[in-house]
Amino acid sequence: MTTTTAQGTGGTQTLAVLGVSVRFPHSPYPQQLQLMATIIRSLQNGENGLVESPTGTGKTLCLLCATLAWCEAFALWRSKAALWLDLKDRAGSAAERAALLGDLNTLSMAAFGKPHNESLTVVPGVPRVLYSSRTHSQLSQVVSELKNTSYNVSSSVLGSREQMCINPSVKAAPSAAHAAICRTKVAKKTCEFHVASQKPSIVQGVEAKIMDIEDLVSYGQTQKACPYFLSKEILNKVDITFLPYNYLVDPHTRSQQLELKNSILIFDEGHNLESSCSDASSFDLVTQDLEQAIAEVEICTNIASSSNFDESLLKGLSVNDMGTLKRLISDFIAKIRAMELPKNNDNSLIKPAEFLITLFEELNVKRDTYVLVVKVIDVCLDVLASDLGKMRSRLCLGQFKNALTTTFRVDKGGSSVLDHYRVHIQAIKDIKQPTAAAGRLPVAVAVDSIKLSFWCFSSGVAMQALVGLGVRSVLLASGTLSPLHSFAHELAIPFPNQLENTHVINPSQIFVGVVPKGPSGATLSSSYSNRDNDSYVPDLGNAVVNFVRIVPDGVLVFFTAYKIMRDCIDAWKMPSKKAGAGQKTIWQRMAEHKTLFVEPRDKHEFTAAINEYERTIEQSSGKGAVFFAVCRGKASEGLDFSDRKARAVVICGIPYPASKEPKVILKRGILDHELRTKKAGMSGHDWYAQQAARAVNQAIGRVIRHKNDYGAVLLCDERFSKEHVQGQLPVWVRPNVKVMTQFGDAQSQLTHFFRNMTMNSDWPVSLSDWPCHLCPFN
């Protein structure tokens, strides 16, 4: 399949992968060759690829090198194919034709995996690469990887105005006003930064360098040119564009300037793509927010009626149109409030998608007229932005616009799309912040509201719409996608090329133990029937005490939910009923061995807690630390707990989604209905189990972060003993699973594992300890 054909300078290898010449920064692992072959096969056939490759296997580097190498191969074929057409037109000699056809066949094998034939169309250009990940911090890591390759490509990065604007007057305004103020300044040519962004010399400076978003903003500040518009200026000229993946799957944020026809879409760290697609195709409207939208229209009316108002902002509309919008929203609220909600557990009503479309049509808002309402809302948003003193940090008019555009975009899709939607209407208590009386602080007040939700239950709605724009290939990769078949089914686009990659580590570097019993013999299971068992929580705590005593440095302990984590910790802090006077609590015994941290929900508090946890680990004389966290929480993905930061991951239970949540109930019901009627797909039960498995796998992925890392995974729930549950673990984990019949077995084998790892003097503690000439990443 693959051979090394030459070695370049600086350790760069030139590899032949399925006929494509790939330049790779170092000698590849077998797993990297498999990964690049899967990517290239997908591109050659114009197909989609789905890849799970564990953290530390060089997934991002393989995606970049294989994709850019194939683009080079395609460009060479395209150039030679144009010569072939020219030769045919001018009736070249037989010798010329034979020589050129030989070259063309070789290049065609690289570009398409088959010899040249006349049916292959010479398209106008080389497919452009749109490389997406969930966050800009992840994209910055991708850009850093690209800079370490020998591929000299032009690139751009997309971000929001809030992230990229450098105009002080716009930045000082509430974030909700940024877009409207920017549009106004650009239209009137009063933004010096926008004007500078169109200068050829400044644009060329961006094209000449590979930049992440921080580099681009820094360049813009130096040149006094707008980074946001610089990125737009070069968008369709560059070889590769970096962008968060909601910029692709969400029609509200997808740039109309983004040319997707014949493009290659890469979703790196794509394990969240399923939920991102569903969220991008859904919305929630709360009556209190709609009432605030009415207040915003009233403010617009007052601004537009003032003597010094700039009439051009109305764009041909009038104050009367604002009055019509106000009545529309008011009538919409009245219709929602008039609904009789059942007296069930959550005071909720479920309707098919057509219900909402009919509701709008009764207000004379239809498929061919809703755009007029959207135009009035856009004008109102611009008018609000013209008077910053009346602006709020959040504009509810924008939410109503989003609801309209989503509803009628779905309506255009017909029954095949509408079937994936449900309307959920629920009475709720919302928080209202009233204006404070003179000399008093405002007091939060709970008010009765109704929430109308329009929920999409298939991520395939967004993905099919995206692929329908003429995309050549979708490449989706992550360290944790298992089970792959269910992930592919949810996205509802074909993935002929799939790979579950093994890890680059040696089996001796990982210990995976199922711990079904605690030290006192209690059954460890977070199941609903067992979690209130008097012996479960104390024995789980005693198991963790034993683990943190054995495991060096950092330990991550994951629970199934925040409430369960808090309940366990609170119980561990209480003296045991059986304990004698002065006996230490479970929490105190843990603290004797490690410094203890608990994952907070607040974003800023979380960052502070993680930073302190890592500082504690880094202290060479320290005893290490434990970070108690939650599956699907902030600590379970996106953070690098390499080496000493996580020598063990402890999983306390199986994190099934909340079974009584309306979304979960509806999702399971829709899948069961599809399975009964279409005889295809998966059952609601299977989906439910696989959501839990994916959350477990994401947490497990914290423990091994590179080729020389090592650590333990302790699965503290008896259900992990079952074969079908183990079958949903990542492919690199499954062969290493050992079920401990007694807790003492877990203790002794865990002790033996870490004694072997720490006593082996040849084993590097971290990547930085590996001799430079031996390190495979150098």
Side-chain angles (χ1 to χ4, degrees), residues 174 176-177 179-180 252 282-305 313-341 349 351 353-387 390-411 423-435 447-455:
H252 300 293
S282 306
F283 65 79
D284 297 311
L285 286 177
V286 178
T287 51
Q288 185 187 329
D289 290 338
L290 291 171
E291 287 160 1
Q292 179 56 47
I294 291 174
E296 290 166 6
V297 178
E298 291 172 344
I299 293 171
C300 286
T301 304
N302 293 335
I303 295 172
S305 302
L313 289 173
L314 291 177
K315 298 175 183 174
L317 299 180
S318 69
V319 172
N320 291 336
D321 293 313
M322 294 180 184
T324 303
L325 175 61
K326 176 182 171 182
R327 287 191 296 275
L328 168 63
I329 300 174
S330 180
D331 291 345
F332 185 72
I333 294 172
K335 280 190 169 289
I336 295 173
R337 288 200 176 277
M339 293 175 192
E340 187 173 338
L341 300 180
L349 185 67
K351 294 285 186 180
E354 290 84 356
F355 170 84
L356 183 58
I357 294 164
T358 302
L359 187 63
F360 277 122
E361 287 178 342
E362 289 173 357
L363 298 171
N364 205 31
V365 180
K366 302 178 181 180
R367 189 188 297 182
D368 55 349
T369 61
Y370 84 94
V371 290
L372 302 176
V373 182
V374 169
K375 183 178 179 182
V376 178
I377 293 174
D378 283 338
V379 165
C380 286
L381 293 173
D382 286 348
V383 171
L384 283 170
S386 70
D387 191 336
K390 294 184 172 66
M391 279 294 297
R392 296 172 176 267
S393 59
R394 184 173 69 101
L395 291 177
C396 296
L397 269 174
Q399 294 179 44
F400 189 62
K401 173 187 172 182
N402 176 52
L404 282 170
T405 54
T406 300
T407 301
F408 288 101
R409 185 177 65 249
V410 171
D411 184 33
V423 178
H424 181 261
I425 305 163
Q426 182 180 26
I428 63 169
K429 288 286 186 184
D430 206 7
I431 302 299
K432 183 178 182 180
Q433 294 284 359
T435 304
V447 296
D448 291 326
S449 288
I450 296 175
K451 180 193 283 187
L452 184 149
S453 302
F454 192 55
W455 288 333

_For Phe408, all residues meeting ring pair (Phe, Tyr, Trp, His ring centres under 6.0 Å), sequence neighbours excluded_ = Phe360, Tyr370

*Decide yes or no for Met339 and Leu359: does some side-chain heavy atom of the first lie under 4.5 Å from some side-chain heavy atom of the second?*
yes

*What's the spacing between Ile329 CD1 and Thr287 OG1 if we round to 0.5 Å?*
13.0 Å

*Separation between CD1 of Ile450 and CD of Gln288, rounded to the nearest 0.5 Å*: 12.5 Å

_What I want to find out is whether Asp382 reaches Lys315 closely enough, with some N-O distance under 4.0 Å, to be called a salt bridge._
yes

*Are the side chain of Asn302 and the backbone N or O of Ile299 linked by a donor-acceptor pair below 3.5 Å?*
no

_With a 3.5 Å distance limit and no angle check, can you tell me whether Thr358 reaches the backbone of Glu354 through a side-chain donor-acceptor pair?_
yes

*Just wondering, do Leu356 and Lys351 contact through their side chains at under 4.5 Å, heavy atoms?*
no

*asked:* Within this structure, what is the CZ-OG distance for the pair Arg337 and Ser449, rounded to the nearest 0.5 Å?
replied: 6.0 Å

*For Phe283, enumerate each residue passing the ring pair (Phe, Tyr, Trp, His ring centres under 6.0 Å) test, keeping only those at least two apart in sequence or located in another chain.*
Phe454

*For Val423 against Ile425, the heavy-atom pair lying closest together*: CG1-CG1, 3.9 Å

*asked:* Keeping Ser453 on the side-chain end and Trp455 on the backbone end, is there a donor-acceptor pair under 3.5 Å?
replied: no

*State, yes or no, whether a side-chain contact exists between Val379 and Leu313 at a heavy-atom distance under 4.5 Å.*
no

*Is any side-chain heavy atom of Thr301 closer than 4.5 Å to a side-chain heavy atom of Lys326?*
no

*Can Lys401 and Glu296 be counted as an ion pair, charged N to O under 4.0 angstrom?*
no

*Between CG of Leu349 and CZ of Phe355, what distance do you get to the nearest 0.5 Å?*
6.5 Å

*asked:* How close do Val383 and Cys300 get, counting heavy atoms only, and between which atoms?
replied: CG1-O, 3.9 Å

*Separation between CD of Glu361 and CZ of Arg367, rounded to the nearest 0.5 Å*: 8.5 Å

*Start with the C-alpha distance between Thr405 and Val374, add both sets of side-chain angles, then the distance that settles side chain to side chain contact (heavy atoms under 4.5 Å, CB included), and finish with yes or no.*
CA-CA 8 Å; Thr405 54; Val374 169; 3.9 Å; yes

*Considering all heavy atoms of both residues, which atom of Gly398 and which atom of Leu381 are nearest to each other, and what is their separation?*
N-CD2, 4.4 Å

*Starting from the C-alpha separation in whole Å, work towards a yes-or-no answer on side chain to side chain contact (heavy atoms under 4.5 Å, CB included) for Lys366 and Asn364.*
CA-CA 6 Å; Lys366 302 178 181 180; Asn364 205 31; 3.9 Å; yes

*Mind checking whether Leu285 and Gln399 have side chains closer than 4.5 Å, heavy atoms only?*
yes

*asked:* A side-chain contact here means heavy atoms from C-beta on lying under 4.5 Å apart; do Thr406 and His252 qualify?
replied: yes

*asked:* Please report the interatomic distance OG1(Thr407) to CG(Asn402), rounded to the nearest 0.5 Å.
replied: 8.5 Å

_With side-chain contact (heavy atoms from CB on, under 4.5 Å) as the test, pick out the partner of Asp321 among Leu372, Val376, Leu314._
Val376

*What are the two closest heavy atoms between Ala427 and Leu341, and how far apart are they?*
N-CD1, 3.6 Å

*Tell me yes or no: between the side chains of Thr324 and Arg327, is some donor less than 3.5 Å from an acceptor?*
yes

